[in-house]
Amino acid sequence: VSSRRPIRGRSRARWSLRRRLVAWFCVVGVVPFLSLSVWFTFRTYQLVQDQAIAQQRGTSGEVAVGVSSRVSEIDSILRTGAEVISPGSVTSQQRSQLLSRVLTQDQAFVGGSFIDSTGRETERISESIPSALLELRDLAGNDSFTVPVGTGSIHLGAITFNRDLGVATLEASVPYRDALTGEVAGVLLVEVRAQSLLPAPGSVTVGAHRASAYLLTGDGMLIAHPIPSLVLRGLQFLPERPAGFETGIMGDRVVLASQTVDLAGQKLLVVTESPVAEALAPFYRDSAVRLIGVGIALIGAVGAGALVADGITRSLRRLSQATSAVTAAGVMPHVEASGSSEVVALGEAFNEMGDEIERQRKETEQYAERLKSSNQQLERFAFVAAHDLQEPLRKVLAFGDLLALGAQDRLGDKERDYLARMQGAAGRMRDLISNLLEYSRISTRAQPFGPVDLDSVVNDVWADLSRTVGSGARMEADPLPTIEADRDQMYRLFLNLVGNALKFRHPDRPPVVQITGRIVGAPSGDPLQAQCEVLVSDNGIGFEAKYQEQIFDIFQRLHGRGEYEGTGMGLAICRRIVERHGGTITAEGHPGQGATITVRLLLHPDSEEV
Amino acid sequence: LPKKGRSAMWIARPGLEIAATPRRGYPGGFDGGQRSPRCSPNAWGPGRHRWGVRRGLAVVLLLVGVLAGCGKGGEPESVRVGILTNSTQNADTIASIISALGRGGLVEGSNLEIVYGGPIETDSLGTAAAALVEGGVDLILTVGTQPSLTAKATTGESGIPVVFGMGTDPVGVGLVASMTAPGGNVTGVMSAFFPGKVLEYLLVVKPQTRRVLVLSDPGDPSSLAGVDLIRSVAGPLGVELEVRDVSDAAEIGALMQGLPADVDAIMITQSATLTNNIGPLAAGAIRNGIPLVSGQLLTPQGALLSYGFRRDKLGEQMADLALLILVEGTQPEQVPVETTEPYLTLNLAAAEAIGLTIPGDAIRQAYEVYRELPPTDQG
């Protein structure tokens with residue numbers, strides 16, 4: 001095989017031992033650390049999450065306490081206002097002034113009224129409408145009147161939406177008593193901004209980060225939020241939320257906790273939420289540190305693995321380099337193995353193997369040299385022998401002819417028969433020697449390869465042969481390609497093949513020779529291995545299948561000399577020519593049905609190689 | 001923006017009881033909302049107990065998140081916010097807006113660029129609004145009715161959100177479809193005007209008031225709507241009105257030079273023209289010995305009594321809505337129009353200057369009391 005051609009069938013490239021060792025170091029060194037890191041990360045996440053939820057619960061509880069305190073504060077303001085009212089001793093104008101003073105006690109009050117003992121409002125003030133335009137209502141059947149009168153304590157009543165102010169309000173009402181009799185004389189009612197029950201925006205925190213709080217009614221209606229427009233939107237969700245990482249009111253992921261507060265007749269839900277990102281900030285920090293640790297461990301493992309792998313594979317690399325040197329320069333150097341005992345043993349074994357290979361290589365070279373010399377001597381001998389044998393043979397033939405002409409009358413029938421047999425044998429011997437000489441010249445007088453148009457060759461052959469064959473013979477030839485070849489030998493090849501087709505014609509039909517050709521690609525796809533396949537078929541006498549190999553041997557004949565003339569060298573010469581061109585030749589035939597000779601020739605043979 | 005496009009997992013509550021107040025307001029009340037398409041009642045359901053797998057996935061995702069650079073998430077991206085106003089009295093509002101945006105995570109000079117070159121003449125509002133749109137601002141804040149209407153008209157095709165702060169009746173002037181469902185790209189804060197309460201408090205501090213001169217700006221829809229509101233409540237309170245249209249400083253100056261002799265007080269409606277000339281108005285009222293009252297905080301500038309919104313509070317509410325849109329990604333059409341809270345403020349120096357004694361109850365009810373008058377050109 002030429003060294004210039006790619007060598008097929010080698011194993012696919014895989015990871016080097018060095019890379020595998022590094023990878024194993026990484027796996028062994030990092031995976032446990034990584035697993036622990038993931039476990040710690042998971043645990044940290046759980047802890048941080050649980051802590052965040054607990055803190056959020058605490059914040060909700062604090063806000064709920066604040067809401068309760070706020071209601072208590074409102075209760076206190078209203079009770080103080082109620083204590084100074086003595087309906088029997090003050091005028092309506094004075095009551096209005098008292099009511100105004102009560103309402104100015106807290107910015108959360110947006111309106112209020114006095115309700116007498118019959119449940120009818122006697123004075124009413126609003127933050128948005130003049131009192132003169134306000135209708136005095138009869139609230140006798142309203143909880144805001146009946147409940148505080150019945151219980152004697154504050155009552156949080158209807159939650160309404162004040163259109164003018166754009167806020168949700170709650171009614172808070174407390175009873176007031178007659179200063180003299182101590183009996184309930186009426187109810188002081190105020191409208192309270194629901195928003196005022198919550199801490200000021202920005203003041204709610206969970207740990208060190210911000211949070212927001214909002215209020216829901218018992219059935220989930222939003223009545224107070226730091227963003228008033230959410231209240232105006234009339235949003236609602238189901239109450240009694242569990243604490244956890246959930247979707248918050250703004251659609252974000254938040255830590256959310258809720259706390260129900262029961263406030264003087266109103267069950268409200270206090271909800272607090274804080275951004276998940278802030279709650280998980282400690283987790284992010286820990287994870288970042290852990291990831292950096294994993295990265296450092298990975299780099300360390302790769303470095304350590306590389307160092308160890310380098311130590312292990314150093315001797316192997318020397319072996320590999322030595323082997324490459326054998327391939328490159330044909331020399332077998334000794335390697336210096338060091339390291340572990342196994343590697344030293346491998347190195348010594350390699351050196352022994354190298355010595356043995358070197359010894360065998362030298363023997364093979366000597367043998368090849370002898371073989372080449374012997375072959376050359378043999379070829380020379382064959383050529384010289386054949387050439388030198390011709391000279392005495394020509395004399396035998398010449399004197400035989402003279403003898404036959406000069407002594408024809410003096411020889412008896414028996415002597416003339418002897419002479420004719422001698423001349424025939426000498427003629428056959430001349431043909432044998434001539435063919436043998438031609439056979440040896442295939443290698444001794446070979447010409448360099450060049451472009452040969454096989455069409456042209458076949459046409460020349462037919463032109464030469466058609467003069468010697470009778471009428472009726474014809475040749476049908478397909479277009480054939482141009483290949484790299486020795487033109488003289490190609491001529492000789494087709495001369496023999498077409499000549500055989502004509503010579504072994506069937507007695508009952510005129511000879512027809514068909515020549516077809518095609519390009520056959522190599523199975524490997526290598527364009528250098530593409531071949532030209534030429535089939536030379538005839539309709540002659542054919543041959544039995546068992547002779548399809550034998551007919552290519554030297555001096556091999558399938559018919560007696562009386563039937564068909566020839567020396568039996570034609571197909572042997574063809575095989576020699578084809579083999580010189582790196583090709584193959586095969587034959588196929590059936591008695592009485594003709595024969596087909598298949599020739600495969602490389603389109604681009606390597607002249608050095610063949 | 002990182003959180004844009006999300007919607008709350010909440011559902012609207014139908015049928016909540018609405019207080020029966022006689023005037024404008026929220027026609028839909030709590031009915032205005034719609035069930036969110038992303039609403040999922042099961043979000044709180046049994047699925048949450050499968051937290052083991054979810055936690056595991058969360059840990060992996062969080063590790064990936066940390067690798068991708070944790071700690072950077074949650075920070076609002078840089079935004080450009082334009083401000084459009086035609087009033088010279090909005091410095092407090094704008095300062096409050098910037099401050100509140102900073103508290104919400106949009107810090108000017110860091111991730112917030114404010115595009116504001118000062119108050120714009122009313123005639124130039126269209127040009128200024130177009131410049132903001134062409135400048136690629138992410139949101140426009142407007143203070144005043146005319147700037148708000150101009151911004152709405154200019155941003156219509158671009159869809160740039162507009163958050164307004166304006167008076168009286170955003171539905172009536174065509175700024176929004178309704179208070180609870182504004183529709184389009186505009187929402188904001190209505191600076192509520194309670195003329196009945198203004199007159200009520202005027203009657204408290206000056207009970208003999210019978211005739212009030214109402215100053216109206218015919219070029220400002222909010223001012224005209226305010227006049228209608230004043231007319232609706234004056235009669236029941238026993239107050240007669242004399243409405244005068246003033247369109248510029250010259251007309252205001254001329255009016256204050258020749259006030260009708262029978263008016264007991266002056267009441268100004270919400271208008272940039274009027275607030276821009278509050279100095280001459282307050283000085284003229286004092287010169288004529290009559291109270292000047294308003295439905296917005298103008299007592300620091302010399303008005304005797306104001307019952308209405310504070311500009312700093314208005315700015316905070318506008319900023320909150322802007323944050324809702326810019327940071328939370330809520331669509332303006334889903335943000336109901338908010339209302340400002342009214343505050344009673346008094347200027348005792350103005351009262352003293354016109355020889356008026358403010359009752360103690362009124363002073364106690366006041367949220368803030370001013371005891372100085374601003375310097376005037378006349379000294």
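Per chain, numbering begins at 1; letters A, B, ... match sequence-line order.
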Give a yes or no answer on whether the side chain of B:Glu338 reaches the backbone of A:Gly166 with a donor-acceptor pair at less than 3.5 Å.
no
Nearest heavy-atom contact between B:Glu200 and A:Ala132 is OE2-N, 4.3 Å
Check whether B:Tyr201 gets within reach of chain A through its side chain, its backbone, both or neither, counting any heavy atom under 4.5 Å.
neither
So, the part of B:Leu321 with a heavy atom under 4.5 Å from chain A: the answer is side chain
Find the distance between OG1 (B:Thr330) and CG (A:Leu230) and round it off to the nearest 0.5 Å.
7.5 Å
Nearest 0.5 Å please: distance from the OG1 atom of A:Thr104 over to the CG atom of B:Leu344.
10.0 Å
Structural part of A:Ile292 lying under 4.5 Å from a heavy atom of chain B
neither
Test your reading of the model: is there a side-chain donor-acceptor pair from B:Tyr367 to the backbone of A:Gln107, 3.5 Å cut-off?
no
Candidate pair A:Arg193 and B:Glu341, rule side-chain contact (heavy atoms from CB on, under 4.5 Å), full reasoning:
CA-CA 11 Å; A:Arg193 292 176 193 270; B:Glu341 196 173 341; 2.8 Å; yes
Under a 4.5 Å cut-off applied to non-hydrogen side-chain atoms, are B:Phe194 and A:Ile129 in contact?
no
Atom pair CD1 (A:Ile227) and CG (B:Leu324), whose distance is rounded to the nearest 0.5 Å
5.0 Å
Backbone N/O of A:Ser126 and side chain of B:Lys197: donor-acceptor pair under 3.5 Å
yes
Pick from B:Asp361, B:Leu323, B:Asp320 with the largest number of heavy-atom pairs that fall under 4.5 Å of chain A
B:Asp361
Under a 4.5 Å cut-off applied to non-hydrogen side-chain atoms, are A:Leu165 and B:Pro342 in contact?
yes
Check against side-chain contact (heavy atoms from CB on, under 4.5 Å), A:Leu133 and B:Val233:
CA-CA 8 Å; A:Leu133 301 183; B:Val233 298; 3.6 Å; yes
Between A:Glu127 and B:Tyr307, is any pair of side-chain heavy atoms under 4.5 Å apart?
yes
